[in-house]
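Model, not experiment: these values are computed from the prediction.
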Amino acid sequence: MAGVLAGIRVVEQGTFITGPAAGMLLADLGADVIKLEHPDKGDPFRAFKGGLYSPHFQTYNRNKRSITLDTRSENDLDSFDALIASADVFIQNFRPGVADRLNAGEARLRAINPRLIYCAISGFGNDGPAASRPAYDTVAQAASGFLGLLVNPANPRVVGPAIADSLTGFYAAYGILGALHRRTQTGEGATVSVSMLEAMTHFNLDAFTHYLSEGEVMGPYSRPSVSQSYVLECADGKWIALHMSSPEKFWRGLAEAIERPTLFDDPAFRTREDRIANHEALIALLRGVFKTRTRSQWCERLQAGDVPHAPMYDASEALNDPQARHLELEVATRHPVMGEFRTVRSPVSFDGVRPTTVTAPPTLGEHTEEILAELRRP
């Protein structure tokens with residue numbers, strides 16, 4: 001089954017995460033994404049673990065083809081221009097001004113292809129006092145107010161994956177899809193601009209809404225307290241997560257599962273407001289209880305009581321969960337040189353068909369001759 005973006009050609013001159021993530025999302029939907037890389041070492045993410053095929057690179061570059069061109073070289077510029085003339089979308093994630101020095105600035109490319117959707121991803125925006133500053137994931141998380149919601153005050157350190165990088169790629173793909181739709185109505189190309197700061201500030205919308213509407217500055221425990229979320233260690237050293245929210249039926253189910261049917265008659269825990277006010281006390285109580293059984297035993301008891309819960313898996317466990325296997329979340333293929341490639345499929349199904357086919361990330365310049373031959377065809 002052809003992808004919903006079949007027939008759309010994307011040229012991605014992206015490095016590290018934001019640009020490649022946007023390109024991958026479009027590739028997952030069936031677009032022909034051509035990753036344009038410098039002939040020497042390509043995307044710097046290739047070499048993050050030695051060689052030119054690191055897991056960092058593999059994460060964001062499946063379903064693409066790779067062409068190597070030096071766009072500053074007259075010998076390669078004609079091929080680059082022909083590629084742009086054939087494209088629907090161009091993606092770059094350089095600091096402002098760099099694309100122009102690479103002969104990939106918007107004005108130049110739009111003169112070649114007026115219907116082009118030109119997507120520029122930056123750290124802090126294309127202009128303004130911070131436009132020229134370098135930006136990586138943690139910088140954008142901090143500047144947007146998001147990092148402060150993740151850092152544990154008792155042990156302050158950066159945690160978790162590259163959220164800002166990945167989300168900026170999502171927002172870029174979202175903007176590109178909107179521009180492609182508008183082009184079907186107007187026939188005109190468009191400029192799509194997104195910065196990591198804008199993307200993360202929007203993703204942090206809940207915190208800003210609380211501040212702008214109520215003057216409330218949220219902290220790392222604000223949402224877990226209101227949502228009544230818990231992570232609890234079990235007798236076997238494994239962890240489980242609960243998200244109780246407000247429906248009383250879930251709390252009754254929890255009381256039965258832990259064999260304390262009258263626990264929530266206690267004035268400290270009787271109502272939602274009581275449980276929010278006494279969240280720390282309830283955490284301490286549940287910690288002691290959950291230490292008495294293994295995680296699998298708790299899962300069985302909580303499921304019987306229809307309590308919202310899940311094992312707190314790591315990457316070695318999550319894809320082996322029966323529901324994950326049922327949904328065919330893990331997919332695999334073989335690269336002719338690099339061997340087996342395993343990954344997690346796109347989460348979006350169309351007409352009930354899961355996207356279980358995938359092509360492995362390309363080696364550097366793997367498709368150069370193939371793509372150049374296509375460009376030479378009349």
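Under 3.5 Å, the side chains of Gln92 and Tyr118 contain a donor-acceptor pair of N or O atoms. A donor-acceptor pair shorter than 3.5 Å can be found between the side chains of Arg110 and Thr191. Side chains of Thr294 and Gln297: a donor on one and an acceptor on the other come within 3.5 Å. Side-chain atoms of Thr356 and Glu328 form no donor-acceptor pair, as typed in the model, at a separation below 3.5 Å. In the model, Glu198 has a side-chain atom that pairs as donor or acceptor with a side-chain atom of Ser195 under 3.5 Å. Side-chain contact of Thr15 with Asp43: a donor-acceptor pair under 3.5 Å is absent, judged by distance alone. Residues Asn204 and Thr201 bring no donor and acceptor atom of their side chains to less than 3.5 Å of each other. No side-chain donor from either of Gln303 and His309 sits under 3.5 Å from a side-chain acceptor of the other. Residues Ser229 and His243 have side chains that bring a donor and an acceptor to within less than 3.5 angstrom of each other.
With values rounded to the nearest 0.5 angstrom, Arg46 atom CZ is found 6.5 Å from Thr363 atom OG1. Between the OG1 atom of Thr368 and the CD1 atom of Ile67 there is a distance of 5.0 Å, given to the nearest 0.5 Å. Here CG of Leu285 is found 10.5 Å from CZ of Phe290. Values are rounded to the nearest 0.5 Å. To the nearest 0.5 Å, atoms NZ (Lys35) and CD1 (Ile371) are separated by 12.5 Å. Residue Asp165 holds its CG atom at 4.0 Å from CE of Met196, rounded to the nearest 0.5 Å. One finds the CG atom of Asn103 at 9.5 Å from the CD atom of Gln13 (value rounded to the nearest 0.5 Å).
The closest side-chain heavy-atom distance from Leu364 to Thr68 is below 4.5 Å. Side chains of Cys299 and Pro311 form a contact here, defined as non-hydrogen atoms less than 4.5 Å apart. Counting heavy atoms from C-beta on, the side chains of Leu254 and Phe264 come closer than 4.5 Å. Annotation: side chain of Phe124 is in contact with side chain of Val139 (closest heavy-atom distance under 4.5 Å). Leu36 is listed as a side-chain neighbour of Leu83, based on a closest heavy-atom distance under 4.5 Å. With contacts defined as side-chain heavy-atom distances shorter than 4.5 Å, the pair Asp274/Pro267 does not qualify. With a 4.5 Å cut-off on side-chain heavy atoms, Cys119 and Ile121 count as touching. The shortest distance between side-chain heavy atoms of Leu282 and Gln228 falls below 4.5 Å.
Of all heavy-atom pairs between Ala241 and Val231, the closest is CB-CG1, 4.2 Å. Scanning all heavy atoms of the two residues, the minimum distance from Ala207 to Leu149 falls at CB-CD1, 4.0 Å. In terms of heavy-atom proximity, Gly125 sits nearest to Pro96 at O-CG, 3.5 Å. Between Asp81 and Ile112, the shortest heavy-atom contact is OD1-CD1, 3.4 Å. Closest heavy-atom contact between Asp88 and Gly7: OD2-O, 3.7 Å. Heavy-atom minimum distance, Ala190 versus Ala179: CB-CB, 4.0 Å.
With hydrophobic clusters built from ILVMFWY side chains whose heavy atoms lie under 4.5 angstrom apart, Val192 does not share a cluster with Ile17. Ile91 and Phe94 are members of different hydrophobic clusters when ILVMFWY side chains are connected at heavy-atom separations under 4.5 Å. Using a 4.5 Å cut-off between side-chain heavy atoms of Ile, Leu, Val, Met, Phe, Trp and Tyr, with links allowed through other members, Phe146 and Val159 fall into the same hydrophobic cluster. There is no path of hydrophobic side-chain contacts, each under 4.5 Å, that joins Leu180 to Leu116. Cluster membership check: Leu25 does not share its hydrophobic cluster with Tyr171, using side-chain heavy-atom separations under 4.5 Å among Ile, Leu, Val, Met, Phe, Trp and Tyr.
For the pair Arg270 and Trp251, the cation-pi criterion (under 6.0 Å, within 45° of the ring axis) is not fulfilled. Note that Arg9 lies outside the cation-pi zone of Phe90, set by a 6.0 Å cut-off to the ring centre and a 45° limit from the axis. Seen from the ring of Phe269, Arg275 does not count as a face-on cation partner, given the 6.0 Å and 45° thresholds.
In the displayed structure, Arg108 atom CZ is contacted under 6.0 Å by more than 12 heavy atoms of other residues, nucleotides or ligands. Surrounding CG of Asp127 are at most 12 heavy atoms belonging to other residues, nucleotides or ligands under 6.0 Å away. Other residues, nucleotides and ligands contribute over 12 non-hydrogen atoms within 6.0 Å of the OH atom of Tyr221. Applying the 6.0 Å contact sphere to OH of Tyr313 captures more than 12 heavy atoms from other residues, nucleotides or ligands. Annotation: Glu214, atom CD; neighbour count of heavy atoms from other residues, nucleotides and ligands within 6.0 Å does not exceed 12. Heavy-atom contacts from other residues, nucleotides or ligands closer than 6.0 Å to CZ of Phe208 number more than 12. Heavy-atom contacts from other residues, nucleotides or ligands closer than 6.0 Å to CD of Glu248 number more than 12.
Separation of the Phe48 and Phe45 ring centroids falls under the 6.0 Å cut-off. Proximity of the aromatic rings of Tyr230 and His279 is defined here by a centroid distance below 6.0 angstrom, and this criterion is met.
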> Would Glu340 and Thr333 count as a side chain to side chain contact (heavy atoms under 4.5 Å, CB included) if you check the C-alpha gap in whole Å, the side-chain angles of each, and the deciding distance to 0.1 Å?
Replying inline: CA-CA 6 Å; Glu340 185 180 40; Thr333 189; over 6 Å; no
>> Set out, in order, the CA-CA distance, both residues' side-chain angles and the distance that settles side chain to side chain contact (heavy atoms under 4.5 Å, CB included) for Phe341 and Arg62, then state yes or no.
In response: CA-CA 9 Å; Phe341 171 67; Arg62 66 189 184 201; 4.1 Å; yes
> side chain to side chain contact (heavy atoms under 4.5 Å, CB included) between Leu302 and Phe250: does it pass, once the steps are laid out?
Replying inline: CA-CA 10 Å; Leu302 294 168; Phe250 295 147; over 6 Å; no
>> Apply side chain to side chain donor-acceptor pair (under 3.5 Å) to residues Thr359 and Asn63 and explain how you reach the verdict.
In response: CA-CA 5 Å; Thr359 59; Asn63 292 329; 3.2 Å; yes
>> side chain to side chain contact (heavy atoms under 4.5 Å, CB included) for Leu232 and Trp298? Distances and angles first, verdict last.
In response: CA-CA 11 Å; Leu232 302 161; Trp298 281 120; over 6 Å; no
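For the pair Asp28 and Arg345, the salt-bridge criterion is not met [side-chain N within less than 4.0 Å of a carboxylate O]. Classification of Glu366 and Arg65 as a salt-bridged pair fails, no side-chain N sitting under 4.0 Å from a carboxylate O. By the 4.0 Å N-to-carboxylate-O rule, Glu12 lies close enough to Lys64 to be salt-bridged with it. Remark: Arg325 does not engage Glu330 in a salt bridge, criterion side-chain N to carboxylate O under 4.0 Å. Classification of Arg287 and Glu233 as a salt-bridged pair fails, no side-chain N sitting under 4.0 Å from a carboxylate O. Remark: Arg293 does not engage Glu300 in a salt bridge, criterion side-chain N to carboxylate O under 4.0 Å.
By the 30° and 60° cut-offs, the orientation of the rings of Tyr53 relative to Phe57 is tilted.
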